[in-house]
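Take a look at this one; I'll ask things after.
Convention: sequence-line order gives letters A, B, ...; per-chain numbering from 1.
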Amino acid sequence: MTNTVMILGMAAVTVFVKAALFVLGDRVVFPPLLKQALGFVPVTVLTAIIVPMILSPNGEGLELTWTNPQLVGALAAVLACVVTGKQLLTIAVALGVFFTWQLGVLA
Amino acid sequence: MTRRSSFAAGARDTLPMVIGAAPFGVIFGTLVAAGPLAAWQGQLMSLSVYAGSSQFIALGLVAGHAGLAVIWLTTLIVNLRHALYAATLLPHVAHLPARWRWTLGFFLTDETFAVMAGYYARQPRAPLGHWYFLGSCLSMYANWQFWTLVGLLFGAAFPQLQSLGLDFAMVATFIAIVVPQLASLPNFAAAVAAGGVAYLGQDVPYKLGLMAAVVAGVAVGMALQRWRSGGLEAGRREEEAA
């Protein structure tokens, strides 16, 4: 019982955080400075999520070596994206290099 | 573009995220099966809370006999980044009927935010963008429910899922979204700052390292942008004077 209450409370908190701004819609007006700041959110938050996954995939310090498949795959992705500018191709190349490295080169 | 094709495109473009999230769904289900919650409560959490990292953290807190208030406050802090996502995407959904805004808000995740940020960067005024958004949301949601259930039922059969590194699909997709935006100097510097702080702060609890990284990145980006536009204005004044 307590656990169900805990879960439903978590759900309420999370729905509030996720949906409140969307629900307010046009009633929310951001000042220009904040709008400008929000423009930087995608590039910063996505980078912030993946950099630790690439640099220390095991959570045990910096792994700047060729034996780190995440690092090798990420470098391949950046290269593929810069050269081709194609999203799907970038993902395909990255996954190909990553799994080749993980299952072929390092295995 | 029809509603259906827009929906399908959103679902398709989310596929790498779906692959990346699958092992975490299984692992979550496995942990529930091994812990104090009933199996149906684990599924209820995936259905109603639907925010992976806070679900994992809650399991840890329940096992540690934390009180309700602590768990709810932790959930709030860990999920705070979603408010930032909502604020960023708001201009693209503010015109929609309320039922759409409730729905898209409920289904917002890291992965769908990434997909939508990339989508709106490419086509800021797509009239059926909300169908694309919904396609991304529902494929992610169905995937999370399915793999939670698999974990609850058969978790013990997949001991090595995490070491497969399927979450690299998410990393690859994020790179494909971020790299084209790095052409501008303020964006590039913002990303470098955010990545650096995120790396240094990865062990800070409640995902606060991530929030600090975003704040640092935004600050650096804003400073550079102002400095450049200040420089441009000074240049214009010099031209006018000459």
Side-chain angles (χ1 to χ4, degrees), chain A residues 2-11 13-23 25-26 28 30 33-34 36-57 59 62 69-70 73-74 77-78 81-82 85 87-88 90-91 93-95 98-99 102, chain B residues 16 37 41 44-45 48-51 54 58 62 68 71-72 75-76 79-84 86-88 90 93-94 98 101-102 104-106 108 110 114 117 165 167-169 171-181 187 190-191 194-195 198-199 202 210 213-214 217-218 221-222 225:
Chain A
T2 320
N3 284 336
T4 305
V5 171
M6 182 251 330
I7 291 165
L8 296 179
M10 283 178 68
V13 167
T14 308
V15 171
F16 174 77
V17 172
K18 287 181 177 183
L21 282 171
F22 273 14
V23 170
D26 285 327
V28 188
F30 296 123
L33 198 66
L34 187 57
Q36 202 187 4
L38 288 172
F40 284 104
V41 167
V43 77
T44 51
V45 82
L46 301 182
T47 308
I49 289 175
I50 60 174
V51 163
M53 296 170 76
I54 296 168
L55 294 185
S56 52
L62 200 57
Q70 271 84 356
V78 171
C81 196
V82 169
Q87 204 178 10
L88 269 180
T90 299
I91 296 165
V93 167
L95 287 175
F98 172 79
F99 283 111
Q102 170 130 316
Chain B
L37 293 189
Q41 287 173 323
L44 177 68
M45 202 191 274
S48 67
V49 180
Y50 186 48
S54 64
V62 172
L68 281 182
I71 295 177
W72 290 340
T75 305
L76 178 71
N79 288 331
L80 218 46
R81 66 188 188 286
H82 293 91
L84 214 53
T88 310
L90 181 60
V93 304
R101 286 179 277 128
W102 274 108
L104 297 178
F106 173 81
L108 202 52
D110 294 310
D167 55 332
F168 186 75
V171 174
T173 312
F174 280 22
I175 289 174
I177 292 167
V178 165
V179 167
Q181 300 181 36
N187 272 5
Y199 173 74
Q202 58 183 317
L210 180 68
V214 173
V218 168
M222 297 274 287
Q225 205 168 52

Looking only at heavy atoms and a cut-off of under 4.5 Å, which of A/L46, A/D26, A/V78, A/V13 has the most pairs with chain B?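 Option with the top pair count is A/L46.
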Largest heavy-atom contact set with chain B, pairs under 4.5 Å, which of A/A74, A/P69, A/G39: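 Option with the top pair count is A/A74.
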With a 4.5 Å cut-off on side-chain heavy atoms, are B/M222 and A/L33 touching?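 A side-chain contact exists here, since the closest heavy-atom pair is under 4.5 Å.
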Residue, of B/L84, B/L104, B/T75, that accumulates the most heavy atom pairs under 4.5 Å with chain A: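 Winner by heavy-atom pair count: B/T75.
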Do you know which of A/T14, A/V23, A/V41 has the most heavy-atom pairs under 4.5 Å to chain B?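 The candidate making the most pairs under 4.5 Å is A/V23.
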Any donor-acceptor pair under 3.5 Å from A/K18 side chain to B/H82 backbone: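 Checking the backbone N and O of B/H82 against the side chain of A/K18, no donor-acceptor pair under 3.5 Å is found.
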Search all heavy atoms of B/V218 against all heavy atoms of A/T44 and return the closest pair with its distance.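 Minimum heavy-atom separation between B/V218 and A/T44: N-CG2, 3.8 Å.
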Answer whether the closest heavy-atom distance between the side chains of B/I175 and A/I54 falls below 4.5 Å.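 Yes, at least one pair of side-chain atoms sits under 4.5 Å.
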Close side-chain approach of B/W102 to A/V15, heavy-atom, < 4.5 Å: yes
Walk me through it: do B/Q225 and A/F40 pass the test side-chain contact (heavy atoms from CB on, under 4.5 Å)? CA-CA 11 Å; B/Q225 205 168 52; A/F40 284 104; 3.7 Å; yes
Name the member of B/A176, B/A194, B/A172 that forms the most heavy-atom pairs with chain A at distances under 4.5 Å. B/A176
Any idea which of A/A77, A/G9, A/A20 has the most non-hydrogen atom pairs under 4.5 angstrom with chain B? A/G9
Nearest non-hydrogen partners of A/A48 and B/A198, listed with the distance: O-CB, 3.3 Å
Atom CZ of B/R101 and atom CG of A/L21: how far apart are they, to the nearest 0.5 Å?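 B/R101 atom CZ to A/L21 atom CG measures 11.5 Å (nearest 0.5 Å).
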Checking side chain to side chain contact (heavy atoms under 4.5 Å, CB included) against B/V179, which of A/T90, A/T47, A/V82, A/V43 comes through? A/V82
Can you tell me which of A/N3, A/T2, A/L55 forms the most heavy-atom pairs within a distance under 4.5 Å of chain B? A/N3
Do side-chain atoms of B/Y199 reach the backbone of A/L62 as a donor and acceptor pair under 3.5 angstrom?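 Answer holds: yes.
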Side chain, backbone, both or neither: which part of B/V93 has a heavy atom under 4.5 Å from chain A? side chain
Against chain A, label B/V171 side chain, backbone, both or neither, depending on which of its atoms sit under 4.5 Å from a heavy atom there.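 Both backbone and side chain.
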Might you confirm whether atom CZ of A/F16 has over 12 heavy atoms from other residues, nucleotides or ligands at distances under 6.0 Å? no
For residues A/F22 and B/A86, report the shortest heavy-atom separation together with the two atoms involved. CE1-O, 3.3 Å
Please name the pair of heavy atoms, one in B/W72 and one in A/M6, separated by the smallest distance, quoted to 0.1 Å. NE1-O, 3.0 Å
With a 4.5 angstrom heavy-atom cut-off, is it the side chain or the backbone of A/Q87 that approaches chain B, or both, or neither? both
Please report the closest heavy-atom contact between B/S54 and A/M10, naming both atoms and the distance.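 Closest heavy-atom pair between B/S54 and A/M10: O-CE, 3.6 Å.
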Please look at A/F30 and chain B and tell me whether the side chain, the backbone, both or neither of the residue comes under 4.5 angstrom of a heavy atom of that chain. side chain
Contact leader toward chain A among B/A83, B/A213, B/P16, B/A58, where contacts are heavy-atom pairs under 4.5 Å: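 Between B/A83, B/A213, B/P16, B/A58, the count favours B/A83.
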Sort A/V93 into side chain, backbone, both or neither according to what part of it lies under 4.5 angstrom from a heavy atom of chain B. neither
Less than 4.5 Å to any heavy atom of chain A: does that hold for the side chain of B/L68, its backbone, both, or neither? side chain
Where on A/L88 is there a heavy atom nearer than 4.5 Å to chain B: the side chain, the backbone, both, or neither?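 Looking at A/L88, nothing touches chain B.
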At a 4.5 Å cut-off on heavy atoms, which part of B/A98 comes close to chain A: side chain, backbone, both, or neither?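 It is neither, since no heavy atom gets under 4.5 Å.
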Are the side chains of B/I177 and A/P42 in contact, using a 4.5 Å heavy-atom criterion? no
Pair B/L90-A/V28, side-chain contact (heavy atoms from CB on, under 4.5 Å): steps then yes or no: CA-CA 9 Å; B/L90 181 60; A/V28 188; 3.9 Å; yes
Can you give me the closest heavy-atom contact between A/V51 and B/G195, atom names plus distance? CG1-O, 3.4 Å
Less than 4.5 Å to any heavy atom of chain A: does that hold for the side chain of B/Q202, its backbone, both, or neither?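 Just the side chain, heavy atoms under 4.5 Å.
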